[in-house]
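Data block below; observations after.
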Amino acid sequence: MNIIRIEQYDLCVPFLRPFQTSYGQTTTKEASIYVLHDESGAIGLGELDALVHPDYIEEYLATARETVAQYFIPRLLHHDWQHPSDIEQLFADVQGNWMAKSALETAAWDCYARSQQQPLYSLLGGVKRPIPVGISLGIQADSIHLLKRVEEAVSNGYTRIKVKIKPGYDYQPLKAIRTAYPTLTLMADANSAYQGTNDWQVFEQLDTLQLAMIEQPFGVRDFVGHAQLQQALKTPICLDESIRSVEDVQTAAALNSCQAINLKIPRVGGLTAALAILKAANDADMLVWLGGMYELGVGRACNLHFSARSELTFPGDLSASNRYFQSDVVTPTAKLSHGTLTIPGKAGIGVSFEPKEWQTNYRVFS
Ligand code: OSB
Ligand code: MG
């Protein structure tokens, strides 16, 4: 394959409702979609999902766009490659910058799959099936509002509820949900908001609520702190921000820092890396499930295809388009049916891209 032209669409799409986490509120999804054009006429779509601020991980949207333009587009353009798993090596001399890498690497997979007239899931070793999905709920004004959101999500069919927590908003709201829904698959995500032993009491309380897991209580590099906490709890700890590579999985496994991993394709640099991490985590007997970055339709379609892998049985953070957006930038959009989403069946990621009125900037590289 030989990519001869790359289009970059910068987008700003309003959320239906603001999303609040331990580090602040988000009211719009800003992202870029890259469209690769192969010399044979095949196209490939990839989404850049770095957040606007460097608070989830160090990478953020403005620098990620710059890194794609300065480092990754020049490596990919007019370079002959055989298979999309070659792209990881093409980008390997650049450290980190996982989301920037992922934007083009996932686009190369889509382009290759379209040129082979194959749906992406089959190239990834998945089997088409309805994908059971969960929902991630932001921090709400109080437990009453939160319970309303949970009730809505359950009646819409979501089969697993994740609730963002922060110090002062943790045990009480989760206890309220557990009391109202004794058997719901429920979990908490702290996004690194707690600090070591000072905060253990909260986790001992959360440990009484039969949560499916507690995601990323402590800082990104705190494999030791997570291991100490895991030893004190029955509830599995899940690492998200901490895991960027197979080496991180091995560190977590050696120290017993967690029993589960939230795997996000953008956070690990793309699909080839995600497949390697899936295998490493399975070899270490960890539960792996697919996380999200409030993706637009391109990223969501890619996530759905990856979710066809048989290892991914726990419902991912993979909601319908209308969970976040009034209107998405792809057709077909993802619709929920009995708690599941359908993998788009056509070649590649199976969706077409329409920037609509959300485009803020446009660049072409050739
Ligand atoms: O911590 O899982 C997280 C979104 C952006 C960045 C980090 C996280 C999240 C979510 C939302 O929880 C998941 C989704 O619905 O896409
Ligand atoms: Mg998380």
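Values reported hereafter were calculated over all heavy atoms of this structure, with side chains retained and with hydrogens, waters and symmetry mates removed. Fair warning: this is a prediction, and the values are worked out from it, not measured in the lab.
Counting only N and O atoms by type, the side chains of E47 and T106 include no donor and acceptor under 3.5 Å apart. Side-chain contact of E241 with Y56: a donor-acceptor pair under 3.5 Å is absent, judged by distance alone.
Closest of all the heavy-atom pairs between S242 and V220 is OG-O, 2.7 Å. Heavy atoms only, all atoms of each residue included: E215 and D240 are closest at OE2-OD2, 3.0 Å. Residues K162 and N262 come closest through the heavy atom pair NZ-ND2, 3.9 Å. In terms of heavy-atom proximity, D10 sits nearest to S32 at OD1-OG, 2.6 Å.
For Q82, the CD atom counts as loosely surrounded, since its 6.0 Å shell holds 12 or fewer non-hydrogen atoms of other residues, nucleotides or ligands. For H145, the NE2 atom counts as loosely surrounded, since its 6.0 Å shell holds 12 or fewer non-hydrogen atoms of other residues, nucleotides or ligands. The number of heavy-atom neighbours closer than 6.0 Å to NZ of K148, taken from other residues, nucleotides and ligands shown, is 12 or below. The environment of Y71 atom OH is sparse: at most 12 non-hydrogen atoms of other residues, nucleotides or ligands sit within 6.0 angstrom. Environment of NE2 in H83: crowded, with over 12 heavy atoms of neighbouring residues, nucleotides or ligands closer than 6.0 Å. Within a 6.0 Å radius of CG in L16, other residues, nucleotides and ligands contribute more than 12 heavy atoms. Within 6.0 Å of the NZ atom in K356, the count of heavy atoms belonging to other residues, nucleotides or ligands exceeds 12.
Taking the side chain as every heavy atom from C-beta outward, I237 and M213 never approach each other to under 4.5 Å.
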Do D207 and T235 pass the side-chain hydrogen bond (donor to acceptor under 3.5 Å, both in side chains) test, and can you show the C-alpha distance, the side-chain angles, and the key distance before you say yes or no?
CA-CA 6 Å; D207 204 28; T235 310; 2.4 Å; yes
Test log, rule salt bridge (Lys or Arg N to Asp or Glu O under 4.0 Å), inputs E152 and R17
CA-CA 14 Å; E152 250 172 45; R17 287 198 191 107; 3.4 Å; yes
Before giving the answer on side-chain contact (heavy atoms from CB on, under 4.5 Å), spell out for D38 and S115 the whole-Å C-alpha distance, their side-chain angles and the decisive distance to 0.1 Å.
CA-CA 9 Å; D38 179 68; S115 77; 5.6 Å; no
I57/M99 under side-chain contact (heavy atoms from CB on, under 4.5 Å): CA gap, chis, key distance, verdict
CA-CA 10 Å; I57 62 171; M99 297 195 184; 3.6 Å; yes
Worked verdict on D328 versus R300 for salt bridge (Lys or Arg N to Asp or Glu O under 4.0 Å)
CA-CA 11 Å; D328 205 335; R300 180 182 296 104; 2.9 Å; yes
What do the steps show when you test L271 against L120 for side-chain contact (heavy atoms from CB on, under 4.5 Å), and what is the final call?
CA-CA 11 Å; L271 284 160; L120 179 60; 4.0 Å; yes
side-chain contact (heavy atoms from CB on, under 4.5 Å) between V13 and Y324, worked out
CA-CA 10 Å; V13 186; Y324 286 119; over 6 Å; no
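At a threshold of 4.5 Å between side-chain heavy atoms, the hydrophobic network of Ile, Leu, Val, Met, Phe, Trp and Tyr places L48 and F353 in one connected group.
Here the OG atom belonging to S136 is positioned 10.0 Å from the CD1 atom belonging to I161, to the nearest 0.5 angstrom. Note that CG of D283 is 8.5 Å distant from CG of D285, once rounded to the nearest 0.5 Å. With values rounded to the nearest 0.5 angstrom, D248 atom CG is found 5.0 Å from I243 atom CD1.
In this structure, K264 does not pair ionically with D317, as no charged nitrogen and carboxylate oxygen lie closer than 4.0 Å. A salt bridge links R244 and E58; the closest N-O separation between the charged side-chain nitrogens and carboxylate oxygens is under 4.0 Å. Of the charged side-chain nitrogens involved, at least one lies within less than 4.0 Å of a carboxylate oxygen, so that D49 and K29 count as a salt-bridged pair.
Taking the six-membered ring where tryptophan is involved, the planes of F218 and F203 are perpendicular, since the angle between them exceeds 60° and thus also 30°. Ring orientation note: the planes of F19 and Y294 are nearly perpendicular, at an angle over 60° on the 30°/60° scale. Ring geometry for H305 against Y121 counts as parallel: the plane angle stays under 30°, on a 0 to 90° scale with 60° as the upper cut.
Under the rule for a side-chain hydrogen bond (donor to acceptor under 3.5 Å, both in side chains), T208 has no partner lying at least two apart in sequence or in another chain. Scored by the salt bridge (charged side-chain N to carboxylate O under 4.0 Å, His left out) test, R75 finds D93 as partners (sequence neighbours excluded).
Partner Y9 forms a ring-ring contact (aromatic ring centres under 6.0 Å, His included) with one of Y362, W358, Y34 and no other, that one being Y362.
Each side-chain hydrogen bond (donor to acceptor under 3.5 Å, both in side chains) pair with one or both residues in residues 165-174, not counting sequence neighbours, appears once here: D170-Y194.
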